[in-house]
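One structure is given below, encoded as structure tokens.
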Amino acid sequence: MKKVFLILLFSVNLMAQKTTVSEALPSIPLWVKIPDGPGPGGECIRSPKGSLTHISTPELKIHQPANPNGIGVLVISGGGYAHIESGSEGYPVGEWLKSKGITAFELEYRLPEEGWASRSVPFQDAQRALRIIRSNAEKYKLNPHKIGVLGFSAGGHLAGYISSTFDTVYYPPQDAADQVSARPDFTGMIYPVVSMLPPNNNTHSFKSLLGNAPEMQDQVRLSVEKQVSTQTPITFLAQSEDDPISPVENSILMYQALKNNKVPTELHLFQSGGHGWGLGKKSTNTVEWPDLFLNWLQVNGIYTRTK
């Protein structure tokens with residue numbers, strides 16, 4: 001009994017330590033004045049596993065390497081636009097990128113069903129985040145032409161959507177940062193939600209963004225594959241064929257839309273792994289995606305491996 005208690009105590013302490021480290025990361029507030037309030041008010045709520053809700057003050061958490069290689073990545077966790085899976089996606093991915101010399105900016109974005117005047121608040125935050133990162137390129141030793149976005153699940157939807165609608169005006173300009181381009185130089189979408197159209201419209205992201213009885217025109221408008229153009233950045237896609245949350249057809253639709261618009265793209269479909277595997281699920285080859293992603297960045301002249 002004593003042994004079991006000690007194991008439980010160690011586990012709780014480890015989780016608390018991880019949460020504390022995540023909260024202690026340096027951060028950048030996104031807004032001078034947060035648009036479309038009032039929102040939930042109060043402090044962010046963080047679960048023991050690192051899931052975030054009650055986002056009243058969106059910000060960027062910075063995973064900064066000691067020797068940055070000039071690449072910046074906006075990391076967007078999933079959670080169906082109902083919570084943010086920082087503990088299993090954003091934080092570990094940010095630390096992994098940091099270990100490769102890449103400066104990661106983990107986005108804590110507003111959730112559309114937390115009392116905001118518009119359901120577009122995640123798009124506002126992602127667009128503003130890319131501008132904040134690029135406008136601070138010199139401060140963080142970044143190449144302003146090597147700034148990308150990497151999203152997971154609903155965060156993959158947000159990453160893909162903002163990559164193709166980077167010129168859309170989602171909020172009134174606030175300062176000089178809003179004069180900077182919000183177009184990412186590259187985009188990664190990992191087990192992404194993509195389409196809001198049948199038969200792929202049964203995700204929690206659909207409900208969070210569109211409610212219970214949306215118009216068809218809004219389903220089209222919020223389907224990432226319908227927004228792709230020749231100006232969409234080069235894109236990396238990875239998903240499991242047995243994904244029970246976001247059907248694998250989402251990545252296939254996105255891949256085809258990119259090819260139709262002659263946007264360089266790479267798609268990896270894994271036989272198994274399910275959904276929500278972050279850096280990869282043990283005993284499946286989803287663990288290969290981080291290395292495949294770095295290879296892809298290298299092929300496209302963005303990343304250089306060091307021995």
Side-chain angles (χ1 to χ4, degrees), residues 25-46 52-62 72-86 90 105-137 139 147-151 154-184 187 193 196 204-211 214-215 217-219 221-224 227:
L25 288 169
S27 63
I28 308 174
L30 287 184
W31 301 100
V32 178
K33 182 179 180 181
I34 300 171
D36 285 336
E43 297 295 321
C44 170
I45 297 173
R46 184 182 300 267
L52 311 178
T53 54
H54 215 253
I55 312 295
S56 58
T57 306
E59 61 184 3
L60 292 169
K61 296 287 189 180
I62 310 168
V73 175
L74 177 65
V75 179
I76 310 180
S77 303
Y81 287 106
H83 56 100
I84 298 174
E85 287 289 351
S86 174
F105 298 83
E106 186 184 345
L107 179 62
E108 295 186 0
Y109 56 97
R110 288 172 293 159
L111 302 169
E113 294 187 298
E114 290 196 333
W116 301 99
S118 166
R119 289 180 185 262
S120 294
V121 290
F123 309 140
Q124 294 175 352
D125 290 349
Q127 187 179 60
R128 173 75 174 177
L130 284 160
R131 288 173 169 151
I132 291 286
I133 294 168
R134 186 165 277 121
S135 65
N136 281 282
K139 176 179 179 180
I147 293 171
V149 59
L150 177 61
H157 178 275
L158 182 49
Y161 196 78
I162 207 68
S163 293
S164 286
T165 64
F166 56 87
D167 271 344
T168 299
V169 179
Y170 286 112
Y171 60 89
Q174 293 196 349
D175 54 25
D178 289 322
Q179 306 307 312
V180 175
S181 172
R183 182 184 182 274
T187 300
V193 174
M196 297 290 162
H204 204 296
S205 297
F206 177 93
K207 180 183 177 184
S208 296
L209 289 174
L210 289 162
E215 297 289 337
Q217 63 186 24
D218 291 327
Q219 294 182 56
R221 177 176 59 85
L222 289 179
S223 292
V224 182
Q227 305 305 318

Do any N or O atoms from the side chain of [X] and from the backbone of [Y] form a donor-acceptor pair under 3.5 angstrom?
X      : Y      : value
Ser56  : Gly39  : no
Ser164 : Tyr161 : no
Ser77  : Gly90  : yes
Gln227 : Leu222 : no
Arg134 : Arg183 : yes
Ser208 : Gly80  : yes
Asp125 : Arg110 : yes
Thr187 : Val149 : no
Glu114 : His54  : yes
Gln174 : Lys33  : yes

[X] bridged to [Y] by N-O distance under 4.0 Å:
X      : Y      : result
Glu108 : Arg46  : yes
Asp218 : Arg221 : yes
Asp175 : Arg128 : yes

If I compare all heavy atoms of [X] with all of [Y], which pair ends up nearest, and what's the gap?
X      : Y      : answer
His204 : Ala82  : CE1-CB, 3.6 Å
Ala177 : Ile132 : CB-CD1, 4.2 Å
Gly148 : Pro184 : CA-CB, 4.2 Å
Leu158 : Phe123 : CD1-CD2, 3.4 Å
Ser205 : Val193 : OG-CG2, 3.9 Å
Ile162 : Tyr170 : CD1-CE1, 3.7 Å

_Under the criterion side-chain contact (heavy atoms from CB on, under 4.5 Å), I'd like the reasoning laid out for Glu113 against Arg119: C-alpha separation, chi angles, the key distance, then a yes or no._
CA-CA 7 Å; Glu113 294 187 298; Arg119 289 180 185 262; 3.9 Å; yes
Spacing of [atom1] belonging to [X] relative to [atom2] belonging to [Y], to within rounding of 0.5 Å:
X      : Y      : atom1 : atom2 : value
Ile62  : Glu106 : CD1   : CD    : 11.0 Å
Gln124 : Ile34  : CD    : CD1   : 10.5 Å
Ser181 : Ile147 : OG    : CD1   : 9.5 Å
Gln127 : Asp167 : CD    : CG    : 8.5 Å
Lys61  : Ile28  : NZ    : CD1   : 11.0 Å

*Residue pair Gln219, Phe206: steps toward the side-chain contact (heavy atoms from CB on, under 4.5 Å) verdict*: CA-CA 8 Å; Gln219 294 182 56; Phe206 177 93; 3.7 Å; yes
*Establish, from distance only, whether the side-chain atoms of Asp178 and Tyr171 form a donor-acceptor pair under 3.5 Å.*
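A pair is found: one side chain offers a donor N or O, the other an acceptor, under 3.5 Å apart.
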*Pro38 vs Trp116 side-chain heavy atoms within contact, under 4.5 Å*: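 No, every pair of side-chain atoms sits at 4.5 Å or beyond.
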*Stepwise side-chain contact (heavy atoms from CB on, under 4.5 Å) test for Leu107 and Leu30*: CA-CA 9 Å; Leu107 179 62; Leu30 287 184; 3.8 Å; yes
*Looking at Ile55, Ile84, Leu60, which one forms a side chain to side chain contact (heavy atoms under 4.5 Å, CB included) with Tyr109?*
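It is Ile84, the one option of Ile55, Ile84, Leu60 that forms the side chain to side chain contact (heavy atoms under 4.5 Å, CB included) with Tyr109.
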